[in-house]
Chemist: 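Below: one structure in structure tokens.
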Amino acid sequence: MSKRNASMLGDAYKSTKQPRHWSLGLVGSMKDPELIVKQSDRVVAIRDKYPKAKVHYLVLPQDDINSIYGLNKNHISLLEEFGDFYEELKENHDGATLRAGFHAVPSLQRLHMHVISSDMVSPCLKTKVHWNSFTTKFFIPYQDVLSELKESGSIQKISTELHKSLMSTDLQCNQCSFKPKNMPQLKEHLFTHVK
DNA sequence: GTTCTAGAAC
DNA sequence: GTTCTAGAAC
């Protein structure tokens, strides 16, 4: 990284002794020209560094909003611009079924909306937690978040009990009735039998 | 979020 | 013996 860029990114990036905490990774990624696919004054779309399907983008606000739980009614038009980005990404991938949504309990800081294809074929998809975070109610569709924000002005958190139960849901193919015994069997099934 | 790896599951 | 999952990371 150049000195100029380092100074623009603030103290967190200047420190070479200790890398920034892993949970701040997206704040760096959203400034990486290699990853950016579309940008406006308020919104940026990047390719996910560890895609969990053939197509996998993240849509983030330029402003420092931590998660869906930091949203209020003033953010409705921002979220509607997320929808515009989603529509354009869909146009660019005619043929693929792209879903847009948020994780109920995100691991990384900075609000981010996943835009992901339904094939779920990717070497980065490895664990049951990966699978369940995109195929259970842990994945909250974009329209649901927008509706809840319009109706109640904020997003309700899920309970730790529901979180635990969603993450431990038995494996189930997202495209047919197949119930794989383990992750390798699921990945083989997706790769071989499912279009 | 990922990586690594101990030991459970097979 | 090998495959697979799940918990620690100072």
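This structure is a prediction, so every number in the text was calculated from the model and none was measured. Naming convention: chains lettered A, B, ... in sequence-line order (proteins, then strands); numbering from 1 in each chain.
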Chemist: K126(A) side chain: which of dT3(B), dC4(C), dT2(B) is closest?
Modeler: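 The answer is dT3(B), which lies nearest to the side chain.
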
Chemist: If I take atom NZ in residue K128(A) and atom P in nucleotide dT3(C), what distance separates them, rounded to the nearest angstrom?
Modeler: 21 Å

Chemist: Distance check: side-chain N/O of K181(A) vs OP1/OP2 of dT5(C), anything under 4.0 Å?
Modeler: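 Negative; the distance criterion is not met.
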
Chemist: Between dT5(C), dT2(B), dG1(B), which one does the side chain of H130(A) approach most closely?
Modeler: dT2(B)

Chemist: Verify the stacking flag for Y50(A) against dG1(B): centroid separation must be under 5.5 angstrom and the ring planes must differ by under 30 degrees.
Modeler: no

Chemist: With the threshold set at 4.0 Å, does a side-chain nitrogen-carboxylate oxygen contact exist between E161(A) and K164(A)?
Modeler: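 The answer is no: the pair does not qualify as a salt bridge.
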
Chemist: How would you label the contact of P106(A) with the nucleic acid (heavy atoms, under 4.0 Å): base, sugar-phosphate, or nothing?
Modeler: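 Since no nucleic acid heavy atom lies under 4.0 Å of P106(A), the category is nothing.
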
Chemist: Under a 3.5 Å cut-off for both distances, is dG1(B) Watson-Crick or wobble paired, and to whom?
Modeler: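 Partner of dG1(B): none found under 3.5 Å.
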
Chemist: Within this structure, what is the CH2-to-P distance between W131(A) and dC4(C), rounded to whole angstrom?
Modeler: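 Roughly 17 Å, once rounded to whole Å.
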
Chemist: Rounding to an integer number of Å, can you tell me how far K164(A) NZ sits from dA6(C) C1'?
Modeler: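 Rounded to whole Å, this separation is 14 Å.
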
Chemist: Give the rounded distance in Å between these two atoms: CZ of R110(A) and P of dG1(B).
Modeler: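 Checked: the CZ to P distance equals 17 Å.
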
Chemist: How long is the line joining CE of M183(A) and P of dC10(B), in whole Å?
Modeler: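 Rounded to whole Å, this separation is 17 Å.
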
Chemist: I'd like to know whether H103(A) forms a ring-ring contact (aromatic ring centres under 6.0 Å, His included) with F134(A), so could you lay out the CA-CA distance, the side-chain angles of the two residues, the decisive distance to 0.1 Å, and finally the verdict.
Modeler: CA-CA 8 Å; H103(A) 285 161; F134(A) 287 99; 4.6 Å; yes

Chemist: Give a yes or no on whether a salt bridge exists between D63(A) and R42(A), defined as a side-chain N under 4.0 angstrom from a carboxylate O.
Modeler: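 So D63(A) does not pair with R42(A) through a salt bridge.
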
Chemist: In the structure shown, which nucleotide is the Watson-Crick or G-U wobble counterpart of dC10(C), with both distances under 3.5 Å?
Modeler: none

Chemist: Distance under 6.0 Å and angle within 45° of the ring axis: does K90(A) meet both against Y86(A)?
Modeler: yes

Chemist: Which label fits H114(A) and H112(A): parallel for a plane angle under 30°, tilted from 30 to 60°, or perpendicular past 60°?
Modeler: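 Rings of H114(A) and H112(A): perpendicular, as their planes differ by over 60°.
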
Chemist: dG1(B), OP1 or OP2 - any side-chain N/O from H112(A) closer than 4.0 Å?
Modeler: no

Chemist: Take atom CD of E188(A) and atom P of dT3(C), then tell me their distance rounded to the nearest Å.
Modeler: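 E188(A) atom CD is separated from dT3(C) atom P by 15 Å.
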
Chemist: Please report the distance, rounded to the nearest Å, between CD in Q109(A) and C1' in dG1(B).
Modeler: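 It is 11 Å, rounded to the nearest whole Å.
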
Chemist: Rounded to the Å, how far apart are H56(A) NE2 and dG1(B) P?
Modeler: 9 Å

